[in-house]
Amino acid sequence: MALQASIISLIFILFIFFASVTAVQQNRRIFDVRTYGAAGDGRKDNTQAFLLAWKDACGFAGKATVYVPVGIYMLGQMAFVGPCKGRPIVHLQGVLRAPSWFGPSDSWITFRYINKLVVKGGKTGSLDGQGQFAWKNNDCHSNTNCSPLPATLRFEFVTNSRVHDIRSINSKNSHIVIFGCKNVNMTNIRLTAPHDSPNTDGIKIGSSTNIKIVKSVIGTGDDCVAILAGSRDILISKLFCGPGHGISVGSLGGFPNEKNVTGLIVKNCTISDANNGVRIKTWESPHHSVASGFTFEDIFMNNVQNPIIIDQLYCPHPPCNDQYPSHVQIKDVSYKNIWGTSITEVAVSLKCSSAVPCKNIVMKDINLAHQGSAAAKSLCSHVDVHSFGKQRPPPCL
């Protein structure tokens with residue numbers, strides 16, 4: 001009887017196990033874009049096939065994977081729009097290639113209104129913006145009414161999501177834009193464009209909360225990461241930045257009613273062969289806002305112009321409207337354990353606003369050497385700065 005009871009118990013356990021496995025399998029489904037007519041031949045326009053695969057995946061109440069196998073897939077402008085019934089995954093093993101040119105637009109590929117999204121790549125997966133054919137049409141440096149070129153990848157109102165192991169090359173404009181998002185983690189991202197490619201920011205973050213960028217490499221023709229108005233609680237860690245324009249907050253104050261930027265941590269990063277290191281930049285304007293609660297810590301600067309810079313006279317393409325001083329209040333900013341080499345003699349530049357001087361700027365253990373014959377120096381105006389520990393260059397008094 002005991003043996004019979006044991007056998008019955010074992011059969012029951014196996015039944016439960018296989019039933020559970022079946023339930024899990026039934027709750028997962030792969031939507032291969034080739035099933036919808038996509039061809040990775042580098043010629044066919046696959047836009048509609050991808051959209052059909054997304055439509056079915058988004059409507060599946062479980063883990064739905066849009067799978068892009070190895071190949072080169074030509075794609076036009078497209079948007080993956082939610083909300084979805086389940087937890088969608090986009091698994092990119094192939095190369096997505098943009099047209100060499102299409103009309104004015106803010107993005108090539110957009111994800112919008114999605115919760116619990118995963119976008120992941122692999123050793124062979126990447127996005128090719130083919131910006132080299134479009135950069136000559138970018139005249140924004142001289143034309144204030146210029147038509148924008150599209151960002152490669154745009155996330156709008158995406159929440160509780162992950163993006164990892166994604167590569168992007170030669171974006172026409174920014175590689176990745178994050179707007180109106182919350183709780184998004186980005187890991188192992190690699191973004192590249194030539195150092196002289198215009199406006200090819202790596203990652204731009206605006207009006208978003210709790211965004212993390214970790215273990216990534218960004219080398220472009222503009223900011224590696226730009227944190228814009230309305231962003232809160234941003235973490236950037238273990239990032240290699242360069243070439244490019246460094247890690248920037250701003251530019252801020254260019255428009256009325258901009259929301260504040262608060263809670264930024266940049267740590268354990270390397271910035272190399274870049275025009276700037278860590279930068280806060282604001283326009284001269286009457287528009288009020290606050291930029292506060294920033295920590296820049298454990299950062300190595302290699303061959304960098306302007307390693308530490310606050311620029312509240314920001315004017316990239318003169319002449320600018322300097323009728324008003326900047327009205328962006330910068331306060332509670334800490335620079336800790338920042339070391340390396342500066343191309344420019346002024347290694348620390350804190351040019352704050354005469355209308356709202358910078359408050360509580362803390363410099364601790366700074367060691368920046370000028371590569372030229374002259375010693376590195378600091379330049380400051382309208383700033384309340386407190387210095388501790390080693391200070392090279394000597395602090396502003």
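Numbering of residues begins at 1 and proceeds along the displayed sequence.
Thr124 and Val95 make their closest contact through O-CG2, 3.9 Å (heavy atoms, listed as atom of the first residue, atom of the second, distance). Of all heavy-atom pairs between Asn27 and Ala61, the closest is OD1-O, 3.2 Å. Here the closest heavy-atom approach between residue Thr187 and residue Ser216 is recorded as C-OG, 4.1 Å. Contact record, Leu51 with Ala79: CD2-O, 3.5 Å, taken as the closest heavy-atom pair. Shown here for Gly340 and Phe300, the closest heavy-atom pair between the two residues is CA-CE1, 3.8 Å. Listed here is the closest heavy atom pair of Ile338 and Phe296: CD1-O, 3.9 Å.
More than 12 heavy atoms of other residues, nucleotides or ligands lie within 6.0 Å of NZ in Lys136, so this atom counts as buried by the packing criterion. Counting heavy-atom neighbours within 6.0 Å of His195 NE2, excluding the residue itself, gives a total of 12 or less. Residue-environment remark: CG (Leu379) exceeds the threshold of 12 foreign heavy atoms within 6.0 Å. The number of heavy atoms from other shown groups lying within 6.0 Å of CD1 (Ile169) is above 12. Residue-environment remark: CG (Asn257) stays at or below the threshold of 12 foreign heavy atoms within 6.0 Å.
Formation of a donor-acceptor pair under 3.5 Å by the Lys359 side chain with backbone atoms of Gln329 is not found in this model. In terms of modelled atom types and a separation under 3.5 Å, the side chain of Ser353 and the main chain of Ala355 share a donor-acceptor contact. Without hydrogens or angle criteria, Ser208 side chain to Gly206 main chain gives a donor-acceptor distance under 3.5 Å. The closest donor-acceptor contact from the side chain of Ser174 to the backbone of Ile176 lies at 3.5 Å or more, if one exists at all. Judged by distance alone, with hydrogens and angles left aside, the side-chain atoms of Asp384 form a donor-acceptor pair with the main-chain N or O of Asn360 at under 3.5 Å. Judged purely by atom type and a 3.5 angstrom limit, Gln305 has no side-chain atom pairing as donor or acceptor with the backbone of Ile343. Using a distance-only test at 3.5 Å, with no hydrogens or angles considered, a donor-acceptor pair links the side chain of Lys172 to the main chain of Gly129. A donor-acceptor pair is defined here as one N or O able to donate and one able to accept, closer than 3.5 Å; such a pair exists between the side chain of Asn260 and the backbone of Val290. Looking at Ser105, its side chain does come within 3.5 Å of a backbone N or O of Ser107 through a donor-acceptor pair. The backbone N or O of Gly250 sits nowhere less than 3.5 Å from a side-chain atom of Ser248 that would complete a donor-acceptor pair.
If you run side chain to side chain donor-acceptor pair (under 3.5 Å) between Thr282 and each of Ser289, Ser251, Ser326, only Ser326 comes through. The ring-ring contact (aromatic ring centres under 6.0 Å, His included) with Phe155 is formed by just one residue from the set Phe80, Phe111, Tyr113; it is Phe111.
A donor and an acceptor atom, one from each side chain of Asp332 and Ser292, are nowhere located under 3.5 Å apart. No donor-acceptor contact under 3.5 angstrom links the side chains of Trp135 and Ser197, judged on distance only. Side chains of Thr47 and Asp45: a donor-acceptor N/O pair is present below 3.5 angstrom, by distance only. Counting only N and O atoms by type, the side chains of Asn160 and Asn115 include a donor and acceptor under 3.5 Å apart.
For the atom pair CD1 (Ile189) and NE2 (His175), the distance works out to 12.0 Å, reported to the nearest 0.5 Å. For the atom pair CD1 (Ile234) and CD1 (Ile213), the distance works out to 7.5 Å, reported to the nearest 0.5 Å. From Ile299, atom CD1 reaches atom OH of Tyr335 across 9.5 Å, with rounding to the nearest 0.5 Å. The distance from atom CG of Leu117 to atom CZ of Arg112, rounded to the nearest 0.5 Å, is 13.5 Å. Between the OG1 atom in Thr295 and the NZ atom in Lys267 there is a gap of 10.0 Å [rounded to 0.5 Å]. Of the inter-residue distances, the one linking Ile247 atom CD1 with Leu264 atom CG reads 8.5 Å to the nearest 0.5 angstrom.
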Step by step, would you call Val278 with Ile308 a side chain to side chain contact (heavy atoms under 4.5 Å, CB included)? CA-CA 5 Å; Val278 289; Ile308 297 174; 4.3 Å; yes
Asn337 vs Asp365, side chain to side chain donor-acceptor pair (under 3.5 Å): CA-CA, chis, key distance, verdict: CA-CA 5 Å; Asn337 192 32; Asp365 296 328; over 6 Å; no
Does the pair His245 and Arg279 meet the rule for a side chain to side chain contact (heavy atoms under 4.5 Å, CB included), with working shown? CA-CA 9 Å; His245 295 181; Arg279 174 170 61 159; 3.8 Å; yes
Would Cys315 and Cys320 count as a disulfide bond (SG atoms under 2.5 Å apart) here? Give the steps. CA-CA 6 Å; Cys315 179; Cys320 295; 2.0 Å; yes
Any chance you could lay out the side chain to side chain contact (heavy atoms under 4.5 Å, CB included) test for Cys358 and Val333, step after step, and finish with the verdict? CA-CA 9 Å; Cys358 297; Val333 180; over 6 Å; no
Applying side chain to side chain donor-acceptor pair (under 3.5 Å) to Asn210 and Asn183, what does each step give before you reach the verdict? CA-CA 5 Å; Asn210 196 21; Asn183 300 332; 2.5 Å; yes
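In this structure, the side chains of Ser349 and Asn306 stay at 4.5 Å or more apart for every pair of heavy atoms. In this structure, the side chains of Asn199 and Leu149 stay at 4.5 Å or more apart for every pair of heavy atoms. Contact annotation: the side chain of Val214 never approaches that of Asn185 to less than 4.5 Å [non-hydrogen atoms, C-beta and beyond]. When side chains are defined from C-beta on, His327 counts as touching Pro325, because their heavy atoms get closer than 4.5 Å. Proximity of Lys377 to Val346: side-chain heavy atoms (C-beta onward) are separated by under 4.5 Å at one or more points. A heavy-atom distance below 4.5 Å is not found between the side chains of Asn46 and Val33. Between Gln48 and Tyr36 the shortest side-chain heavy-atom distance does not fall below 4.5 Å. In this structure, Ser207 and Phe157 have side chains that are not in contact, with every pair of non-hydrogen atoms separated by 4.5 Å or more.
Taken together through direct or relayed side-chain contacts under 4.5 Å among Ile, Leu, Val, Met, Phe, Trp and Tyr, Leu239 and Val177 form parts of separate hydrophobic clusters. By the criterion of side-chain heavy atoms lying less than 4.5 angstrom apart, applied directly or through intervening Ile, Leu, Val, Met, Phe, Trp or Tyr residues, Ile330 is grouped together with Val385 in one hydrophobic cluster. In the hydrophobic cluster analysis, where Ile, Leu, Val, Met, Phe, Trp and Tyr join through side-chain heavy atoms closer than 4.5 angstrom, Ile211 is grouped apart from Phe179. A continuous path of ILVMFWY side-chain contacts below 4.5 Å connects Ile114 to Ile178, so both sit in one hydrophobic cluster. In the hydrophobic cluster analysis, where Ile, Leu, Val, Met, Phe, Trp and Tyr join through side-chain heavy atoms closer than 4.5 angstrom, Ile109 is grouped apart from Ile89.
The pair Lys336-Glu297 does not count as a salt bridge, with every side-chain nitrogen at least 4.0 angstrom from each carboxylate oxygen. Here Asp223 pairs with Lys281 in a salt bridge; the nearest charged N to carboxylate O distance falls below 4.0 Å. Using a 4.0 Å cut-off between charged side-chain N and carboxylate O, Asp128 and Arg97 make a salt bridge.
Cysteines Cys241 and Cys224 place their SG atoms closer than 2.5 Å to one another.
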